[in-house]
Amino acid sequence: MQPCAALCRTVPTRARRLPAAGLQALAVRRRRRTVAECRAALLLRSSGHCRLTAAPGKRWFSTGSDTAISFDALEASQEALTLEEEGLGQRVLQRLRVRRAVIQDEPLRPTGSEDSECCKLAPGIDPLELVAQLRRNPHWPVPESIMRPLLENGKALLAASTSAMAEVRIPYDARLVLLGDTHGQLDDVLLVFEEHGLPSTKNIYLFNGDICDRGHRACEIWALVLSFMLGRPGSTYVLRGNHETSAMNARTFELGGGFDQECAEKFDSVDMPGLFQQLFRCLPLFALISGQVFVVHGGLFRTPGVTLEQLRQLPVRREIPIPARTPVVPTTPEGVGDAIMFDAVWADPHDGNGIVPARRGGPTVSFGADVTKAFLDGNGLRLCIRSHQLPGWKGFSVRHDGRLLTVFSASNYGGTVRNLGSVALLYYDPESDDPHLLKVRLVQFQANEEGSIGGATSADVPVVGVPAQKPLSPQVGAIPVALPGALLDQAKGLICAHREELWAFFQRKASAEGQL
C-alpha cells in the first residue's frame with residue numbers, strides 16, 4: 001500500500017475526499033510541498049479532528065494515529081496554503097483585467113457619548129496600571145472601551161510618519177530591548193518586562209513583528225505596546241510581520257491564524273478587526289538602529305543593490321503583495337517594490353550563497369550569506385537582526401559569518417515546543433575600545449507553569465562587520481549549571497527518551513579512544 005493511501009485510512013471522511021493519486025499530483029504541481037504536507041492542509045480544513053501534541057525535545061503534529069508530521073513542516077504548510085490562496089486571488093483579478101483600487105482606510109466609526117469619553121481618556125490611559133492589571137490577572141481580556149481608543153490614537157501617531165523605516169537612536173546612557181515573534185503569548189512579554197524593565201526613553205523596546213495569531217492573548221500585547229507608545233513617546237517601536245496581515249489573521253487557530261477569531265471572542269463590535277488592519281498598514285517594515293543595525297521581520301531581498309533610501313520611500317500602507325514566481329528577480333519598478341515588501345516579511349536565510357526557493361512554498365525565497373554581506377556593506381551597516389522563524393530550542397541563531405541574528409521571543413512555542421525564548425539587548429559600552437560601537441547581548445528565558453522565568457542566561461554577540469567574525473559558539477549561551485526544575489525535568493526526559501542512542505554513542509567514542 002502506498003504511504004499516502006495508508007494515511008487516508010487514518011483520517012476523517014471529510015479529509016479523505018482527495019484520493020492518493022490526487023495527492024501525488026497535487027504534490028507534483030506544487031513541487032516544494034510534499035504529499036504529507038498536502039494531507040496536513042486537508043486535515044486542518046476538517047476542524048475538530050486534529051490536535052497538536054509534543055514530547056520533550058520533539059515537535060510533532062498528531063492525529064491520534066502513528067502518522068506524525070514535524071511542527072516545522074506543519075507551520076510551513078499552513079503559510080504556504082495562505083500564500084497559494086492569496087496569490088490565486090491576485091492572479092484571477094489580473095486575468096479578469098479588474099483594476100484594483102488602492103486600499104483606503106475605513107472612516108472611524110462615529111462615537112457616541114460613552115465612546116467619546118473613552119477617546120478623551122485614551123491619551124491618559126496609564127500603561128503602568130495596564131501592566132499591573134495583567135500581572136494580577138493574566139487572563140483578563142482588555143475591554144473594547146480601552147482597545148478602541150488605543151487603536152485610533154495609535155493609528156494617528158503612526159500615520160504622521162511618511163517613511164517605511166523607523167529611525168531609532170539609542171542614547172549613550174540608554175539601551176534597546178528587541179523582541180522577536182511573540183504570537184499572542186502574553187506571559188512571555190510580561191516576563192521580559194519583569195526581567196528587563198518597562199519601556200522608557202532610557203529602556204527602549206522594539207517589537208519585531210508577529211504579535212498576532214497562534215496564541216490567544218495578542219490583543220492584550222497590542223494594548224501594552226500602544227499604551228507605552230502613546231503614553232511614553234519614543235519608548236516603544238513595532239514593525240510589521242507576515243502575521244500582521246488580513247490573509248493570515250482571517251485563518252482559524254487550527255490553520256495558523258486566529259487573530260480575527262480572538263477579536264470576535266473579546267469585542268462586541270464587528271469592526272474591531274478592520275481597525276487593527278488599519279493600524280497594521282501604518283506600521284513600518286524596517287528599523288535602523290543608531291545607523292549601525294538593520295532590523296526587519298523576515299529577511300533581505302531578492303533584488304540586488306537595495307538602498308536604505310529606497311526602503312524609506314517604499315509605499316507600504318497596503319496589504320502585503322504576492323509577487324509573481326517568474327521572473328524570480330523582478331524587472332519593473334512596481335514588481336521590485338512588491339518583491340521587497342514581500343521579502344521583508346516572508347524571506348528566510350540559508351547557509352549557502354545566492355537566492356533560492358524557500359521551503360515555505362509559493363514565491364517565498366531564501367537568501368544566502370553573500371546577499372547579507374552585499375546589503376550590509378553596500379549600506380555601511382554592521383548587523384542585520386530578523387525574526388520570523390523558530391531557530392531551534394535556543395531561541396536565537398547567529399549566521400552568515402556573525403552578521404545575521406535571528407531572535408525569537410515565544411518560549412514553549414504554541415504550547416507544544418519546549419524551546420527557550422530570547423531577546424537582544426543593544427547598548428554602548430563606554431569602557432570598550434570603541435565606545436561608539438553598539439554592543440549586543442542575547443538573553444534567553446522560558447516561561448513555566450508558575451509564570452516565572454524558567455531559566456535565564458545571556459551571551460555577548462560583538463557587532464563587528466569587518467573583519468568577518470566567527471559565529472557564536474555552542475558554549476556561549478548554554479544553560480547555567482544550576483538548572484531550574486522545569487529545565488532539569490526536560491533534560492531528564494530527553495536523556496531517557498534517547499538513552500539507547502546515547503549509550504551507543506559513548507560506547508563508540510570509548511572504543512575509538514581505546515578505553516573499552
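For this chain, numbers begin at 1 and follow the sequence in order.
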Salt-bridge criterion met for D429 and K439 (N-O under 4.0 Å): no
D188 vs S411, side chain to side chain donor-acceptor pair (under 3.5 Å): CA-CA, chis, key distance, verdict: CA-CA 7 Å; D188 289 310; S411 71; 2.6 Å; yes
Derivation and outcome, side chain to side chain donor-acceptor pair (under 3.5 Å), residues T252 and Q261: CA-CA 7 Å; T252 63; Q261 193 175 336; 5.1 Å; no
Side chain N379, main chain F294, donor-acceptor under 3.5 Å: no
Donor-acceptor contact below 3.5 Å, side chain E167 vs main chain L288: no
Basic-acidic side-chain contact under 4.0 Å: R318, D338: yes
Point-to-point distance, once rounded to the nearest 0.5 Å, from CZ of F342 to CD1 of I322: 5.0 Å
Pair R148 + E144, salt bridge at N-O below 4.0 Å: yes
Chi angles and distances behind the side chain to side chain contact (heavy atoms under 4.5 Å, CB included) call for R251, D213: CA-CA 9 Å; R251 307 193 77 81; D213 290 334; over 6 Å; no
N249 side chain to H243 backbone, donor-acceptor under 3.5 Å: yes
Within the 6.0 Å centroid threshold, strictly below: H196 and Y205: no
Any side-chain heavy-atom pair of P330 and T303 under 4.5 Å: yes
Modelled atom types, side-chain donor and acceptor of Q133 and E129, under 3.5 Å: no
From CG (N203) to CZ (F193), nearest 0.5 Å: 9.5 Å
Residue pair L130 / S227: nearest heavy atoms and the distance that separates them: CD2-OG, 3.8 Å
Value rounded to 0.5 Å, distance of CG in L230 from OG in S235: 9.5 Å
V168 and Y237, any side-chain heavy atoms less than 4.5 Å apart: yes
Donor-acceptor side-chain pairing of H388 and N242 below 3.5 angstrom: yes
Heavy-atom pair with the smallest gap, counting every atom of A174 and T201: CB-O, 3.9 Å
Check ion pair E309-R312 (N to O, under 4.0 angstrom): yes
Student check: side-chain heavy atoms of L176 and I289 closer than 4.5 Å: yes
Heavy-atom donor-acceptor pair, E265 side chain to E262 backbone, under 3.5 Å: no
Residue pair P141 / F267, side-chain heavy-atom distance below 4.5 Å: no
Student check: side-chain heavy atoms of F286 and L239 closer than 4.5 Å: no
Close side-chain approach of T406 to V398, heavy-atom, < 4.5 Å: no
Spacing of NE2 belonging to H297 relative to CZ belonging to R240, to within rounding of 0.5 Å: 11.5 Å
Verdict with reasoning, L178 to I385, per side chain to side chain contact (heavy atoms under 4.5 Å, CB included): CA-CA 9 Å; L178 188 147; I385 302 180; 3.9 Å; yes
Mutual orientation of the aromatic rings belonging to F280 and F276 [parallel < 30°, tilted 30-60°, perpendicular > 60°]: tilted
N208 (side chain) donor-acceptor with V295 (main chain) under 3.5 angstrom: no
Reported CG-to-OG distance for the pair L300 and S366, which is rounded to 0.5 angstrom: 11.5 Å
Inter-residue atom distance Q310.CD - Q313.CD, 0.5 Å rounding: 8.5 Å
Parallel, tilted or perpendicular: rings of F408 and H183 (30°, 60°): tilted
Ring geometry between H400 and F367 (parallel below 30°, tilted from 30 to 60°, perpendicular above 60°): perpendicular
Main-chain N/O of G215 paired to Q185 side chain as donor or acceptor, under 3.5 Å: no
Side chain to side chain contact (heavy atoms under 4.5 Å, CB included) between R175 and I204, worked out: CA-CA 6 Å; R175 68 174 184 179; I204 304 166; over 6 Å; no
Derivation and outcome, side chain to side chain contact (heavy atoms under 4.5 Å, CB included), residues E220 and L134: CA-CA 8 Å; E220 286 68 34; L134 289 170; 3.9 Å; yes
D268, CG: over 12 other non-hydrogen atoms inside 6.0 angstrom: no
Main-chain N/O of Y413 paired with R214 side-chain donor or acceptor, under 3.5 Å: no
Residue pair E319 / S246, side-chain donor-acceptor N/O under 3.5 Å: yes
Presence of salt bridge, R386 and D348, under 4.0 angstrom: yes
Heavy atoms of other groups near E334 CD, more than 12 under 6.0 Å: no
Donor-acceptor under 3.5 Å (T182 side chain, A410 main chain): no
Minimum heavy-atom distance between I211 and W222, given as atom pair plus value: CG2-NE1, 3.4 Å
Check: S163 side chain, M165 main-chain N or O, donor-acceptor pair, under 3.5 Å: yes
Sidechain-backbone polar pair: S409 side chain, L179 backbone, donor-acceptor under 3.5 Å: no
